[in-house]
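Chain letters run A, B, ... following the sequence lines, proteins first, then strands; residues in each count from 1.
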Amino acid sequence: MTTQDQPTASQTSAPDEPVLRYTPALAEQIELKWQDIWEERGTFHAADPTGGTLTDGNGQPAGDRQPFFVMDMFPYPSGAGLHVGHPLGYIATDVTGRFRRMRGDNVLHALGYDAFGLPAEQYAVQTGQHPRITTEANIANMRRQLRRLGLAHDPRRSFATTDSDYVRWTQWIFLQIFNAWYDPEATRPDGGVGKARPISELIDEFASGERTLPQDVPGVTAESQWADLSPSTRRQIIDSYRLAYTSESPVNWCPGLGTVLANEEVTADGKSERGNFPVFTKSLRQWNMRITAYADRLADDLDLIDWPDKVVSMQRHWIGRSEGAEVAFTIAGSGDQLTVFTTRPDTLFGATFMVVSPEHPLLEQVPDVWPDGTRDAWTGGYETPGEAVRQYQRDAAAKTSVERQADAGKKTGVFTGYLANNPVDGRQIPVFTADYVLMGYGTGAIMAVPGGDTRDYEFATQFELPVIYTVAPPEGFEGGAWTGDGLVINSASDTLDLNGMDVVAAKSAMNDWLEEQGLGTRTISYRLRDWLFSRQRYWGEPFPIVYDETDMPIALPESALPVDLPDVPDYSPRTFEPDDVDSAPEPPLGRNEDWVNVTLDLGDGPRVYRRDTNTMPNWAGSCWYYLRYLDPKNGDAAVSEELERYWMGPKHNDTAGVAGGVDLYVGGVEHAVLHLLYARFWHKVLYDLGHVSSREPFHKLFNQGYIQAYAYTDDRGAYVPADEVEEITAADGSVTYVWQGQEVNREYGKMGKSLKNVVTPDDMYDSYGADTFRLYEMSMGPLDLSRPWETRAVVGSQRFLQRLWRNIVDETTGELVITDEPADAKTRKLLHRTIADVTVEMEAMRPNTAIARLIALNNHLTSLDRVPREAAEPLVLMVSPFAPHVAEELWERLGHDGSLAHEPFPGYDEAELVEDAVTCIFQVQGKVRGRAEVSPSATDEELTELALADPGVQRALGDAPVRKIIVRAPKLVNVVAG
RNA sequence: GCCCCCAUAGCCCAAUUGGCAGAGGCAGCCGACUUAAAAUCGGUCCAGUGUGGGUUCGAGUCCCACUGGGGGCACCA
């Protein structure tokens with residue numbers, strides 16, 4: 001560590017250097033000085049509106065300034081520390097926040113820590129320390145690294161998800177969700193239909209008879225009255241409605257991590273997103289969140305927010321809403337119904353067989369013998385349908401996700417022995433079971449139309465099943481399934497004729513017919529599944545839930561919160577061989593019997609209960625942390641309703657819109673369907689229950705790109721230190737990379753210890769200072785683009801700040817070298833032009849182009865004998881969001897008291913933007929042939945005359961007649977020859 | 001396999017949305033300062049926009065096809 005008294009003897013400072021040259025050592029002095037001042041003065045304290053408890057640095061409430069809430073995605077306090085890529089987003093939000101503050105907004109910017117979860121726990125396990133100790137040490141280190149960056153955060157609003165006081169409210173929100181149900185008919189304040197309601201209202205409705213009891217719970221009949229039901233049957237009914245519920249169902253079990261995972265945490269190839277371990281399907285009793293109840297709103301409300309198209313489309317895709325119909329087929333013989341979901345009811349006449357998933361309830365019983373007409377290919381070589389189906393079910397169940405992935409596309413299956421009647425024409429068709437049909441989607445059963453669906457076509461080919469086309473393929477069609485548009489064919493019966501219609505019309509006509517006949521209904525299906533919410537790990541929030549002898553969950557009262565993590569003999573998860581299918585989860589919290597068994601008085605006297613030993617996934621803490629920034633110390637509520645409305649409510653400022661939410665949320669795209677979907681879901685539950693006024697948590701989302709880096713390998717493939725590699729340009733322009741005399745290969749990718757290419761913010765502070773580092777990151781390119789880090793290019797940003805410094809301060813004496821004389825006309829015009837351009841670029845979050853303008857202005861000022869104050873002061877103010885420390889220092893030296901953080905951003909005079917003369921270009925056939933300086937107000941006629949008289953134009957025109965003249969005054973005239 | 005994004009100078013990137021391809025930075029080269037070097041300052045070189053078509057008076061910008069790179073989804077009926 002360096003201190004202010006002993007500035008880093010930097011490699012660039014020489015003994016005879018002027019004392020006040022803007023060197024890394026001076027930069028560090030300035031930076032540490034202003035960081036202390038900001039902290040002492042509370043410069044970035046965000047004020048509550050009048051009536052709140054938090055004031056600004058002067059002890060004042062917000063007044064009539066517009067609230068602006070800017071936020072970064074919650075960081076994990078990683079044990080590895082930061083590299084230069086991590087702060088990119090933090091600098092971007094800081095720049096935006098500082099800019100908005102200068103534009104007069106009441107800016108709230110804070111940073112907390114997402115400290116629960118697998119990474120923190122794994123780091124603790126590796127180092128053999130309790131996760132709380134390592135987590136707190138990591139947070140302290142990260143705070144230090146970030147403080148040195150000079151971020152304008154309100155430190156009073158920082159916290160970690162692991163703080164007991166925060167855990168308490170995470171658990172409180174869980175209880176809100178647990179104690180709520182989704183009423184699809186209720187009207188919301190925003191006018192929409194469907195909302196979460198307190199579970200007590202459901203009980204009231206059952207008790208009063210207003211709502212009929214569900215019949216699918218054992219012990220409940222059509223005649224049952226609520227009052228007559230046993231307490232445990234009532235609880236069973238109620239529990240089946242809760243938004244947080246336990247269920248025994250197939251889940252993603254990851255032995256390598258020792259925990260179950262949500263669908264969103266499993267990659268397409270059946271591995272855990274974290275750790276890349278195999279994931280198996282296993283039926284276990286687990287907590288779920290009924291996010292599917294919100295599928296429509298999560299999809300629809302994407303229209304209300306300002307997010308990158310990419311993320312919107314990823315969320316839409318993940319929710320996977322598809323409109324279609326459920327159609328009932330009749331099983332021949334028994335007369336039972338087999339309902340399928342289809343998005344193409346128009347192709348019903350082309351259904352030549354059906355497929356049910358191997359887990360489908362229809363298969364609990366199958367016919368004893370193969371029916372007449374059974375082909376050999378269908379039976380799998382078995383004597384009876386029963387044998388064939390059982391064996392197929394066993395094979396399918398034994399498949400891991402990885403194997404399923406590897407087999408995707410291959411069609412396997414077997415005939416079930418059932419025949420069904422196609423409802424449109426009564427034709428008998430065979431029912432197969434095959435694992436390409438998934439139990440979890442639609443009804444777990446499909447009608448197969450090989451003429452119109454590629455998967456069905458493949459299956460039909462393999463099992464010798466007939467193909468009927470119901471949409472006329474185009475000419476030159478080469479066989480297979482035709483999935484495109486066209487006119488309907490082969491689709492008529494006595495009561496229905498779709499022939500000749502297009503697909504859209506046929507769908508609609510078929511749906512109408514099905515509904516008239518009572519054979520089907522229009523339906524919407526979703527890809528989204530409920531959110532698996534429990535983890536068998538130590539480092540997470542315990543569930544505020546206990547169990548009695550019925551094994552049904554009981555919510556702890558709010559007064560029992562927080563439920564803190566107990567000490568356990570060993571907090572490492574019980575993990576297994578990654579491919580150990582037969583293993584089962586073993587939560588570490590179960591290792592503390594004294595904690596698990598607890599005596600409580602929950603209303604009927606002290607009794608012994610068992611605590612839930614699962615913990616919440618780390619997404620829980622990040623689902624609502626933005627709310628806590630608004631009201632970090634509130635002991636009575638997660639967030640006060642007034643503060644939420646002030647900072648996040650609908651139309652809380654000019655850009656908030658009807659949905660409200662955080663004004664700017666910056667983070668990586670990797671959370672597109674995890675954190676961002678879960679947080680939206682929780683927020684909507686809180687909205688329904690009246691705790692928040694905004695419909696969406698994040699109004700504007702911005703995904704910053706990644707800073708990547710080159711890495712170098714020698715001929716054995718081993719990585720060599722990237723900072724020791726030299727780039728050699730040969731005479732022919734070819735480039736080679738050399739390390740210790742040997743040629744090495746260059747790769748491009750992440751920054752990481754194992755790649756030996758890490759550059760840290762600390763390195764940058766030492767060699768250049770925080771301001772230069774910030775400026776460089778912001779000038780590298782557009783914020784949303786990934787790009788390579790290049791340490792040797794950082795010097796460009798340093799030169800800019802040095803020139804700026806020298807334009808204002810004498811390096812030797814420290815005296816001001818500016819003049820109070822007015823600026824010359826050219827300088828003034830450039831200044832106003834720069835202010836205008838920078839304002840536009842800043843508003844559009846294009847720091848790279850804003851900085852380019854600032855450099856251009858500064859370069860111009862460098863060419864003057866003395867820089868006029870008139871230009872120096874606005875320049876310093878404009879630079880301040882990027883390089884706040886040196887800007888503050890210059891501002892002070894320019895004679896101002898106090899921080900420039902709250903100074904108004906410079907304004908410009910429209911009159912100064914008008915140019916005296918512009919260059920008009922003269923084209924012939926679109927090619928430039930001449931030009932002239934003209935007045936900006938020149939008329940079309942004047943310009944035409946000038947153009948036609950131009951020698952270049954005349955030469956290009958030759959003898960050709962002029963057909964047409966296009967004038968875009970005052971910049972362009974294009975003469976078109978005939 | 002399907003969908004989305006990107007491609008401009010040796011490198012990172014601009015280009016008022018269809019109107020002179022260059023704002024800024026890095027690197028290179030030349031010069032000034034210096035005993036010398038670094039730093040600094042001044043100057044300068046560098047592409048016709050991945051490829052092929054099309055629309056237009058005019059295309060980096062719009063349309064089509066392709067190539068390369070990045071990302072998402074992947075038996076979702």
Side-chain angles (χ1 to χ4, degrees), chain A residues 11-14 17 21 23 268-269 308-311 313-314 317-318 320 322 324 340-344 347 355 404-405 407-411 434-438 440-449 452-456 458-459 525-529 669-670 672-673 727 729 733-735 748 775-776 779-782 784-800 802-803 806 811 837 840-841 846 848-856 858-859 862-863 919-931 963-966 968 971-977:
Chain A
Q11 44 284 51
T12 51
S13 23
E17 197 161 69
R21 170 158 295 173
T23 59
D269 58 350
D309 294 345
K310 180 178 175 170
V311 178
S313 101
M314 281 167 73
H317 198 112
W318 192 262
S322 61
V340 303
F341 174 74
T342 177
T343 56
R344 293 293 303 275
T347 63
V355 185
R404 268 177 206 278
Q405 177 56 30
D407 290 350
K410 285 183 209 157
K411 292 290 175 290
D435 65 1
Y436 83 94
V437 173
L438 311 174
Y441 184 79
T443 63
I446 63 160
M447 63 176 204
V449 183
D453 183 285
T454 316
R455 296 153 301 185
D456 297 343
E458 285 167 13
F459 194 87
S525 236
Y526 302 90
R527 205 181 89 99
L528 182 71
R529 307 294 149 76
V669 72
E670 69 271 18
V673 286
E727 184 180 311
T729 308
S734 66
V735 175
Y748 178 56
L775 192 67
Y776 174 64
S779 62
M780 288 169 81
D784 53 356
L785 225 70
S786 292
R787 54 200 170 267
W789 177 262
E790 200 183 357
T791 299
R792 67 175 181 176
V794 179
V795 69
S797 300
Q798 189 185 31
R799 285 179 191 149
F800 168 53
Q802 280 177 337
R803 272 195 281 255
R806 263 202 312 271
E811 291 185 333
D837 289 351
V840 169
E841 302 304 303
R846 289 191 293 257
N848 53 321
T849 46
I851 291 169
R853 304 277 181 278
L854 295 174
I855 293 175
N858 191 51
N859 286 350
T862 305
S863 71
T919 305
C920 183
I921 57 158
F922 303 139
Q923 297 180 331
V924 176
Q925 313 292 78
K927 293 199 167 48
V928 180
R929 298 299 183 192
R931 63 196 67 205
R963 183 153 64 94
K964 196 171 166 189
I965 298 180
I966 291 142
R968 292 283 177 275
K971 298 180 81 174
L972 175 137
V973 179
N974 186 13
V975 181
V976 185

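Spacing of C1' atoms, B/C73 relative to B/A27, comes out at 41 Å, to the nearest Å. Across the C1' atoms, B/G68 and B/A23 are found 29 Å apart, a figure rounded to whole Å. Nucleotides B/A32 and B/A37 have their C1' atoms positioned 15 Å apart, rounded to a whole Å. Annotation: B/G18 and B/G54 have their C1' atoms spaced 15 Å apart (nearest Å). Spacing of P atoms, B/G58 relative to B/A21, comes out at 15 Å, to the nearest Å. Going from the C1' atom of B/U44 to that of B/G60 covers 26 Å, rounded to whole Å. Here the separation of B/G1 from B/C62, taken at their P atoms, is 28 Å to the nearest Å. Going from the C1' atom of B/A7 to that of B/C13 covers 13 Å, rounded to whole Å.
Nucleic acid contact for A/R529: base, since at least one base atom lies under 4.0 Å from a heavy atom of the residue. If you check every strand for non-hydrogen atoms under 4.0 Å, A/A793 touches sugar and phosphate atoms only. Contact annotation for A/S322: backbone-only contact, meaning every heavy-atom pair under 4.0 Å involves sugar-phosphate atoms and none involves a base. When heavy atoms are screened at a 4.0 angstrom cut-off, A/V673 is found touching no nucleic acid atom at all.
Between A/E841 and A/N848 there is no side-chain heavy-atom pair separated by less than 4.5 Å. Looking only at side-chain heavy atoms (C-beta outward), A/L972 and A/C920 stay at 4.5 Å or farther from each other. Looking at A/V794 and A/Q798, their side chains never come closer than 4.5 Å, going by heavy atoms from C-beta outward. Residues A/V976 and A/I965 have side chains not in contact (no heavy-atom distance under 4.5 Å, counting atoms from C-beta outward).
Among the nucleotides B/G71, B/C57, B/A23, the one closest to the side chain of A/K310 is B/G71. Among the nucleotides B/C75, B/C26, B/G24, the one closest to the side chain of A/V795 is B/C26. With distances taken from any side-chain atom of A/V976 to the nucleotides B/C57, B/G25, B/A39, the minimum falls on B/C57. Considering only the side chain of A/M314, B/G72 comes nearest among B/G72, B/C20, B/G42.
Residue A/S313 has no polar side-chain atom (N or O) positioned under 4.0 Å from OP1 or OP2 of B/C3. OP1 or OP2 of B/G25 has not a single side-chain nitrogen or oxygen of A/R792 nearer than 4.0 Å. Between A/R799 and the phosphate of B/U40, there is a side-chain N or O to OP1/OP2 separation shorter than 4.0 Å. Remark: A/N859 is in phosphate contact with B/G25, judged by side-chain N or O atoms under 4.0 Å from OP1 or OP2.
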Protein-proximity profile, nucleotides 11-19 of chain B, B/S/- by nucleotide at the 4.0 Å heavy-atom cutoff, equals -SSS-B--B

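Spacing between atom CD of A/Q802 and atom C1' of B/A39 amounts to 8 Å, rounded to whole angstrom units. We find that CD of A/Q798 is positioned 14 Å from C1' of B/C26, with the value rounded to whole Å. Rounded to whole Å, the distance from CZ on A/R806 to C1' on B/C41 is 8 Å. Rounding to whole angstrom units, CH2 of residue A/W318 and C1' of B/C2 are separated by 17 Å. If you take CZ of A/R803 and C1' of B/G42, they are 11 Å apart, rounded to a whole angstrom. B/A77 atom P lies 12 Å from atom CZ of A/R344, rounded to whole Å. The distance between atom CD of A/E811 and atom P of B/A39, rounded to the nearest whole Å, is 15 Å. Taking atom CG on A/D309 and atom P on B/C4, their separation rounds to 12 Å, with Å as the unit.
Within the shown strands, B/G1 is the pairing partner of B/C73 under the Watson-Crick or G-U definition, both distances less than 3.5 Å. The pairing partner recorded for B/A23 is none, the criterion being a Watson-Crick or G-U wobble arrangement whose two distances lie under 3.5 angstrom. Searching all strands for a Watson-Crick or G-U wobble partner of B/U40 with both distances below 3.5 Å returns B/A32. A 3.5 Å limit on both hydrogen-bonding distances identifies no Watson-Crick or G-U partner for B/A15.
Between atom CZ of residue A/R21 and atom CD of residue A/E811 there is a gap of 4.0 Å, rounded to the nearest 0.5 Å. Separating the CD atom in A/Q923 from the CD1 atom in A/I966 is a distance of 9.0 Å, to the nearest 0.5 Å.
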Step-by-step side-chain contact (heavy atoms from CB on, under 4.5 Å) determination, A/I446 to A/T342: CA-CA 7 Å; A/I446 63 160; A/T342 177; over 6 Å; no

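Base orientation at B/U55 is anti, since its O4'-C1' glycosidic dihedral falls outside 90° of 0. Base orientation at B/G70 is anti, since its O4'-C1' glycosidic dihedral falls outside 90° of 0.
Mapped onto RNA chain B by nearest heavy atom, A/M447 and A/K964 fall at different nucleotides, with A/K964 at the one closer to the 5' end.
Ring orientation note: the planes of A/Y441 and A/F341 are nearly perpendicular, at an angle over 60° on the 30°/60° scale.
In summary, the side chains of A/T791 and A/Y776 do not present any donor paired with an acceptor at a separation below 3.5 Å, with no hydrogens or angles considered.
Aromatic rings of A/Y526 and A/W318 (six-membered ring for Trp) have centroids beyond the 6.0 Å cut-off, not under it.
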